[in-house]
Amino acid sequence: MSREEILAAGAPIARVYGEPLTDVPEDLFIPPEALRVFLETFEGPLDLLWYLIQKNRLDVRDIPVARLTEQYLAYVEAMRRFDLDLAADYLLMAAMLLEIKSRSLLPRARATLEEGEEGDPRAELMRRLLEYERIKRAARALADQPRAGRDFLWAGPIEWGHTPQRPQPEASLDRLLEAWTDILQRLRLERRHEVAAEAVSVREAMSRVLRRLRHAAGALAFATLLEPGQGRLGVAVTFVALLELCKENALHLEQREPFGTLWVRPAEAAPPTESLATEP
Amino acid sequence: MTSGQFSTKRIVEAALLASDEPLPLEALRRLFEPDPGADILASVLAELQQEWRGKAVELVCTASGWRFRTRAEIQPWLDRLRAQRAPAYSRAVWETLAVIAYRQPVTRGDIEAIRGVTLSTQVLRTLEARGWIEVVGHRNGPGRPALYATTQRFLDDLGLRHVTELPPLAELEAMLEPGPEAKLKDEDEDQGT
Amino acid sequence: MTSGQFSTKRIVEAALLASDEPLPLEALRRLFEPDPGADILASVLAELQQEWRGKAVELVCTASGWRFRTRAEIQPWLDRLRAQRAPAYSRAVWETLAVIAYRQPVTRGDIEAIRGVTLSTQVLRTLEARGWIEVVGHRNGPGRPALYATTQRFLDDLGLRHVTELPPLAELEAMLEPGPEAKLKDEDEDQGT
């Protein structure tokens, strides 16, 4: 419903409480539900003020602050009765209006805005009202502008008759390092040292062991995991990797008799009965 | 000029229809080897526009480039196919967008100052999610507030090539006349969908 | 038969070009009021097919309905169109890859714990599809989570012979020493994919 429609349906039922109001605006005498909807149409104090100025055919360059303030307060009071979510913004404006009103009652500085904005406390209010009104009109123009999805649709993309060959993003060691550095930076900020520097080779050996186990599709003798070319360090690394994997529950180590073959078995391939052979 | 079986014109047409985004002239030039040059392509595009004149689809040039789109006149037919209609935005959304479009780059505080009312985060999120606004930087000062500006997508969706093509702001003089009661429409017409 | 300014044919054409999925005959009938009937529409579609015959785009009827699609012959041009956009992996993809490279073998939960954010399945799929990571086993425990490691292909693509050739962590740690003030990087530089 537009404001006009709401107002057209009006009948004097509602009453406005608050300060004694000599000039209660007619449009506040409408059925409560219509009044609530009407009051909800205002976007804020500037919107309400502009409405009052237009309705009363006031000259924005020479605003009769006393009259405007009175009407404004009547509306704010009505909004308050409906518990509209307005609070701060409207009350702030009310305070500002009252201040302008009191200042304009002082004998000096009774000039209209054209004569000199200096000294007229209404100048800033006028400037804000006009700026907001411009934006409001621009907003309406934007909303009326034909737009994609409502007034027209983009044509395509139509299907490709052939599967496109998508180029792959480039592999970049720099990018990888940058990512890892970022992670470490974050960790450093969040929880110090929880991820300690650890030799890559152990982690890599862990992957290698798991990969070989997967290809073996079953258990492997520990010795077969040790390759001749590895050297002592390599053996040590592989052994540490195995221990680490056990700790992480990624595999089982099994030795069925003292000094017997040490079997390495991927965790998922460990049938419970068999793997527990050495236990009761 | 032809490229094998199909003319340059037919290939440009197909590329525009097959692309999921508008194509600037430079992108169209790179379709061909050797590069036919900007002039040839410009005239090919003009010919295409001419060819499509009588159709319900037209070739337009927006901020991001060339693209085909359906004409507004047939939207009522197309709407019958759609399960859901385009979203309606509240006055708060449009006014916020207007402040950003005409006064960019602006902070949230600037928007609140102009509208005279607190801005809900939801409004900015709606506009960001639609791809119409984005943070383009931060203003120095307390809290380093984000600076918002409109995007190319915003211009594309409104069929504009540049921010200067936005509807002009109303002249101050026109607003100073104490007129009859202002006509205040609260929403654009697709309210309630 | 016409519908206002545009013929049925033009409206069907526009609807097909603007639709992101094939439209069966029944859907096309819904465009019009009153329904022109299946026969009329069938002949309109046949006429359209005829009209587009010489173009680089064709109108076809697939199992799920009618749609326009580009002809296979112009694929080389379309591939060039796609090649123009240098695709890039998102920050999430690179960070996930980094965690897997340096901490392998790791579960999805490990990656999430280290990165401090939830990991989308899409990221892992992207890396698997690229052939850079693979599942090398499972960790015992609730859900038996998969253990990820980098592949030989990953090393090949980065020009490394062995994972140990990745810059050692100690060096990185040293690089980080100067202080905890993180470089403030723009989020949007690594958008995409």
Side-chain angles (χ1 to χ4, degrees), chain A residues 1-4 7 37 40-51 53-61 86-90 92-93 126 128-161 164, chain B residues 14 16-22 57-58 67-72 74-75 78 85-89 91-99 101-103 112-118 156-160 166-172 175-188 190:
Chain A
M1 244 196 307
S2 73
R3 278 178 204 163
E4 290 76 16
L7 296 181
V37 175
E40 276 174 343
T41 64
F42 292 106
E43 274 297 313
L46 289 173
D47 194 25
L48 171 56
L49 278 180
W50 185 265
Y51 167 79
I53 287 170
Q54 295 287 90
K55 182 172 82 91
N56 295 302
R57 301 177 184 234
L58 303 179
D59 187 347
V60 72
R61 285 165 298 188
L86 54 93
D89 298 320
Y90 283 92
L92 196 68
M93 177 61 75
M126 178 192 80
R128 288 185 66 191
L129 280 167
L130 290 179
E131 170 70 356
Y132 179 53
E133 182 60 19
R134 280 159 72 112
I135 287 300
K136 247 167 33 185
R137 292 183 190 196
R140 254 173 270 150
L142 281 184
D144 288 344
Q145 187 87 8
R147 73 173 192 263
R150 185 187 63 174
D151 305 296
F152 63 86
L153 304 178
W154 297 118
I158 61 170
E159 191 190 16
W160 292 25
Chain B
L16 288 170
L17 286 173
S19 170
D20 52 6
E21 52 187 24
V57 169
E58 62 186 334
R67 200 166 193 186
F68 281 103
R69 74 175 193 201
T70 60
R71 290 183 198 273
I74 64 151
Q75 198 54 43
L78 300 183
R85 310 191 62 198
Y89 297 118
R91 261 182 74 193
V93 169
W94 284 113
E95 289 181 9
T96 302
L97 182 63
V99 173
Y102 286 90
R103 301 283 182 239
E112 292 180 334
I114 290 177
R115 295 189 61 233
V117 68
T118 313
D156 288 341
D157 279 358
L158 264 56
L160 306 174
L166 284 169
L169 279 176
E171 292 297 327
L172 272 182
M175 292 185 293
L176 288 174
E177 295 312 315
E181 268 191 40
K183 265 194 239 137
L184 290 161
K185 289 208 314 193
D186 17 314
E187 276 284 317
D188 52 334
D190 46 13

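Every chain is numbered from 1, with letters handed out A, B, ... down the list of sequences.
Ranked by heavy-atom pairs under 4.5 Å with chain A, the first of Pro167(B), Ala18(B), Pro168(B) is Ala18(B). Considering only heavy-atom pairs separated by less than 4.5 Å from chain A, the leading option among Val57(B), Leu16(B), Val99(B) is Val99(B). In terms of non-hydrogen atom pairs under 4.5 Å with chain A, the most contact-rich of Glu112(B), Glu171(B), Arg69(B) is Arg69(B). Listed options Ala141(A), Pro45(A), Gly149(A) were ranked by heavy-atom pairs under 4.5 angstrom with chain B; first place goes to Gly149(A).
Contacts between Ala113(B) and chain A at a heavy-atom distance below 4.5 Å involve the backbone alone (N, CA, C, O). With a 4.5 angstrom heavy-atom cutoff, Leu169(B) touches chain A only via side-chain atoms. With a 4.5 angstrom heavy-atom cutoff, Arg137(A) touches chain B only via side-chain atoms. Heavy atoms of Leu160(B) lying under 4.5 Å from chain A belong exclusively to its side chain. At a 4.5 Å heavy-atom cutoff, the contact between Leu78(B) and chain A is made by side-chain atoms alone.
Nearest heavy-atom pair across Leu49(A) and Leu129(A) is CB-CD2, 3.8 Å. Across Met126(A) and Val60(A), no two heavy atoms sit closer than the pair CG-O, 3.6 Å. Taking every heavy atom of both residues into account, Arg115(B) and Ala92(B) meet most closely at NH2-CA, 3.6 Å.
A salt bridge is absent between Asp156(B) and Arg67(B); no separation between the charged side-chain nitrogens and carboxylate oxygens falls under 4.0 Å. Salt-bridge formation is not detected for the pair Glu131(A)/Arg128(A): no Lys NZ or Arg NE/NH1/NH2 atom is positioned less than 4.0 Å from an Asp or Glu carboxylate oxygen.
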- Message: With side chain to side chain contact (heavy atoms under 4.5 Å, CB included) as the criterion, how do Glu43(A) and Tyr132(A) come out once you've worked through the C-alpha distance, each side chain's angles and the decisive distance to 0.1 Å?
- Response: CA-CA 11 Å; Glu43(A) 274 297 313; Tyr132(A) 179 53; 3.4 Å; yes

- Query: Would Gln75(B) and Arg150(A) satisfy side chain to side chain contact (heavy atoms under 4.5 Å, CB included), going step by step from the backbone distance to the final call?
  - Reply: CA-CA 8 Å; Gln75(B) 198 54 43; Arg150(A) 185 187 63 174; over 6 Å; no

